[in-house]
Amino acid sequence: MNQFRFSRRPDIGDKVRVSFEFFPPKTDEMEARLWETVKRLEPLKPNFVSVTYGAGGSTRERTARTVRRILNETSIPAAAHLTCVGATREEVDAVIRDYFATGIKRFVALRGDPASGVGQAYTPHPGGYQNGAELVAGLKTIADFDISVAAYPEKHPESPDFATDIEMLKRKVDNGAKRAITQFFFDNDLYERYVERVRRAGIYIPIVPGIQPVHNFRQVANFASRAGAHVPAWLAERFEGLDNDPQTHMLVASAVAAEQVLDLVERGVGDFHFYTMNRADLVFAICHMIGIRAQQTAPEVPESQPKAGSAAA
Ligand code: FAD
């Protein structure tokens, strides 16, 4: 029976699409590392990559520079994340126009978290876009951008219930969002139930699961608790005792992410967005497991030289 599993089909790699998320580097050293990561992942031919926007626009210049560099030096479509925290509409529109003028046509449009930190009460700027849906509408009045938005399989911590949460997603879609990328999650049943709710609400855009490879369990668990993402007990148990054993931690992280992604493939999911943390190792391995192979253009071999793999040696 096992050979009939969908995730084991030899052509599975042709049916799955991936995208990668990076954060803008702060130092030259981090930039060099990010660039190694981009170069390693580029041959996997992602659908697109995206670059985050620091809280309150704190990375505005670095985000823009990173997106432009990816556009100029690779063949990957690149999206800029954009938030509307603490800024007037005019200020946000000026940022959008700057991006547009330099060829950036894809955005991940977000409200953003309160300047005081994730989980604190959010107060929109009185003269600004009030939420993600208004930002999507603002972007669309400037140009016909390709826009992704955020979605929350466990609902956003500020949403009183799923109905309110999905109503906000619907407003983003009605205003022009083309796909939603989810907050990370570790329980695929939660994702599946959420997608069912979304479809029942008449929303038909792709709800792309955001996959968080666990490079550092403590960091991920800490962020998850603030972002309202549940960390199951079984996951904590898998990483138990591995704080000082990076090699085993990495192997376990790879197995955990592969298990999650392959199960989603079995459930019919065809698009994945990876939170890379600017590292290629785990993401590259997981992509390999779902049949995605580096596509290199073979260099031209002069006629007089034997071709690789020929018996001429
Ligand atoms: P919205 O869609 O505007 O609102 C989120 C939810 O809050 C809604 O579902 C709604 O139910 C509820 N809500 C909002 N307003 C109200 C209200 N007035 N009353 C009741 N409920 C309300 N943050 C960054 O700073 N930079 C990034 O680059 C970034 N990238 C991200 C990428 C992804 C894929 C995801 C999932 C999140 C990202 N975030 C980023 C985090 C995001 O900014 C936060 O989750 C933020 O709190 C909500 O943004 P949003 O666009 O989902 O907000």
Side-chain angles (χ1 to χ4, degrees), residues 18-24 48-60 62-64 66-67 78-87 92 95 99 106-126 128-139 147-185 190-191 194 197-198 201 203 205-212 223-229 271-278:
V18 292
S19 53
F20 304 129
E21 184 171 308
F22 305 120
F23 61 84
F48 67 94
V49 297
S50 71
V51 181
T52 60
Y53 200 67
S58 55
T59 65
R60 185 172 141 183
R62 282 188 280 128
T63 298
T66 307
V67 176
H81 290 219
L82 180 66
T83 71
C84 45
V85 182
V92 174
V95 174
Y99 274 127
R106 290 172 172 258
F107 286 93
V108 180
L110 305 140
R111 185 198 70 183
D113 283 313
S116 47
V118 181
Q120 304 297 310
Y122 182 80
T123 314
H125 190 291
Y129 294 112
Q130 303 294 294
N131 49 49
E134 286 195 7
L135 179 60
V136 173
L139 277 158
I147 303 174
S148 304
V149 291
Y152 302 88
E154 300 177 65
K155 80 179 182 57
H156 187 275
E158 286 169 51
S159 298
D161 47 47
F162 273 104
T164 316
D165 195 88
I166 290 171
E167 177 52 33
M168 186 61 94
L169 179 63
K170 186 146 189 349
R171 284 171 61 190
K172 297 190 231 188
V173 176
D174 290 345
N175 289 348
K178 190 172 170 186
R179 76 184 66 73
I181 301 169
T182 76
Q183 181 62 277
F184 67 81
F185 58 91
L190 291 174
Y191 167 81
Y194 176 75
R197 284 186 161 113
V198 164
I203 299 169
I205 60 164
I207 309 293
V208 182
I211 303 295
Q212 177 68 72
F223 184 74
S225 71
R226 285 180 290 138
D271 291 270
F272 293 92
H273 184 78
F274 289 97
Y275 298 110
T276 68
M277 308 305 284
N278 292 5

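In listed order, ligands and their atoms are each counted from 1.
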- Task: Could you say whether the N/O atoms of Ala133 and ligand 1 ever approach to under 3.5 Å?
- Result: no
- In a check of side-chain contact (heavy atoms from CB on, under 4.5 Å) between Glu21 and each of Ile211, Thr52, Asn278, Val49, which one passes? Thr52
- Query: Can you tell me the protein heavy atom closest to atom 53 (O) of ligand 1 and the distance?
  - Reply: Arg111 CB, 3.3 Å
- Query: Among Gln130, Glu158, Glu167, which one has a heavy atom closest to atom 21 (N) of ligand 1?
  - Reply: Glu158
- Message: For Lys172, which part has a heavy atom under 4.0 Å from ligand 1: side chain, backbone, both, or neither?
- Response: side chain
- Message: Could you measure the distance from the CZ atom of Arg111 to the SG atom of Cys84? Nearest 0.5 Å is fine.
- Response: 8.0 Å
- closest protein heavy atom to atom 3 (O) of ligand 1 is Gly132 N, 2.7 Å
- Query: Under a 4.0 Å heavy-atom limit, does Tyr122 contact ligand 1 with its side chain, its backbone, both, or neither?
  - Reply: neither
- atom 51 (O) of ligand 1 touched by protein heavy atom at under 4.0 Å: yes
- Which residue holds the protein heavy atom closest to atom 8 (C) of ligand 1, what is that atom called, and what is the gap in Å? Met168 CG, 3.5 Å
- Query: Mind checking whether Val85 and Asp113 have side chains closer than 4.5 Å, heavy atoms only?
  - Reply: no
- Gln183 to ligand 1: N or O pair under 3.5 Å? no
- Task: Identify, for atom 9 (O) of ligand 1, the protein heavy atom at the shortest distance, and state residue, atom and that distance.
- Result: Asp165 OD1, 3.1 Å
- Does the side chain of His273 reach to within under 4.5 Å of the side chain of Phe184, using non-hydrogen atoms? no
- Query: Nearest protein heavy atom to atom 35 (C) of ligand 1, by residue and atom, and its distance?
  - Reply: Ala150 CB, 3.7 Å
- Could you name the option among Phe23, Phe162, Tyr53 that has the heavy atom nearest to atom 24 (C) of ligand 1? Tyr53
- So is Tyr275 in contact with ligand 1, going by heavy-atom distances below 4.0 Å? yes
- Message: Would you say that Leu82 contacts Val92 through its side chain, given a criterion of any heavy-atom pair below 4.5 Å between the two side chains?
- Response: yes
- Between CD1 on residue Ile205 and CG on residue Leu169, distance to nearest 0.5 Å: 5.5 Å
- Mode of His81 contact toward ligand 1 - side chain, backbone, both, neither (heavy atoms, under 4.0 Å): side chain
- Counting only N and O atoms by type, is there a donor-acceptor contact under 3.5 Å from the side chain of Asn175 to the main-chain atoms of Ala133? yes
- Message: Applying a heavy-atom cut-off of 4.0 Å, say which part of Thr83 lies close to ligand 1: side chain, backbone, both or neither.
- Response: side chain
- Sequence-distant partners of Phe185, ring pair (Phe, Tyr, Trp, His ring centres under 6.0 Å), two or more places apart: Tyr191
- Report yes if the side chains of Phe23 and Thr276 come closer than 4.5 Å at any heavy-atom pair, otherwise no. no
- Query: For Arg197, does the CZ atom sit with more than 12 other heavy atoms under 6.0 Å from it, leaving out its own atoms?
  - Reply: yes
- Within 4.0 Å of atom 17 (C) of ligand 1 (strictly less), any protein heavy atom? no
- Message: The criterion is ring pair (Phe, Tyr, Trp, His ring centres under 6.0 Å); which residues satisfy it with Tyr99, sequence neighbours excluded?
- Response: Phe107
- Which residue from Leu110, Thr63, Asp113, Val136 reaches closest to atom 47 (O) of ligand 1 through any of its heavy atoms? Asp113
- Query: Based purely on interatomic distance, does Glu21 place a nitrogen or oxygen under 3.5 Å from a nitrogen or oxygen of ligand 1?
  - Reply: no
- Query: With a 4.0 Å cut-off on heavy atoms, is Tyr152 touching ligand 1?
  - Reply: yes
- Heteroatom proximity flag, Gly112 to ligand 1, N/O under 3.5 Å: yes
- Message: Are any of the N/O atoms on Asn131, whether in the backbone or the side chain, positioned under 3.5 angstrom from an N/O atom of ligand 1?
- Response: no
- Distance to 0.1 Å, residue and atom name: give those for the protein heavy atom nearest to atom 12 (C) of ligand 1. Ser159 OG, 3.5 Å
- Query: Would you call the rings of Phe20 and Phe22 parallel, tilted or perpendicular, where under 30° means parallel and over 60° means perpendicular?
  - Reply: tilted
- Item | Identity and separation of the nearest protein heavy atom to atom 7 (O) of ligand 1 | His156 ND1, 3.5 Å
- Between Lys172 and Glu167, is the closest basic N to carboxylate O distance under 4.0 Å? no
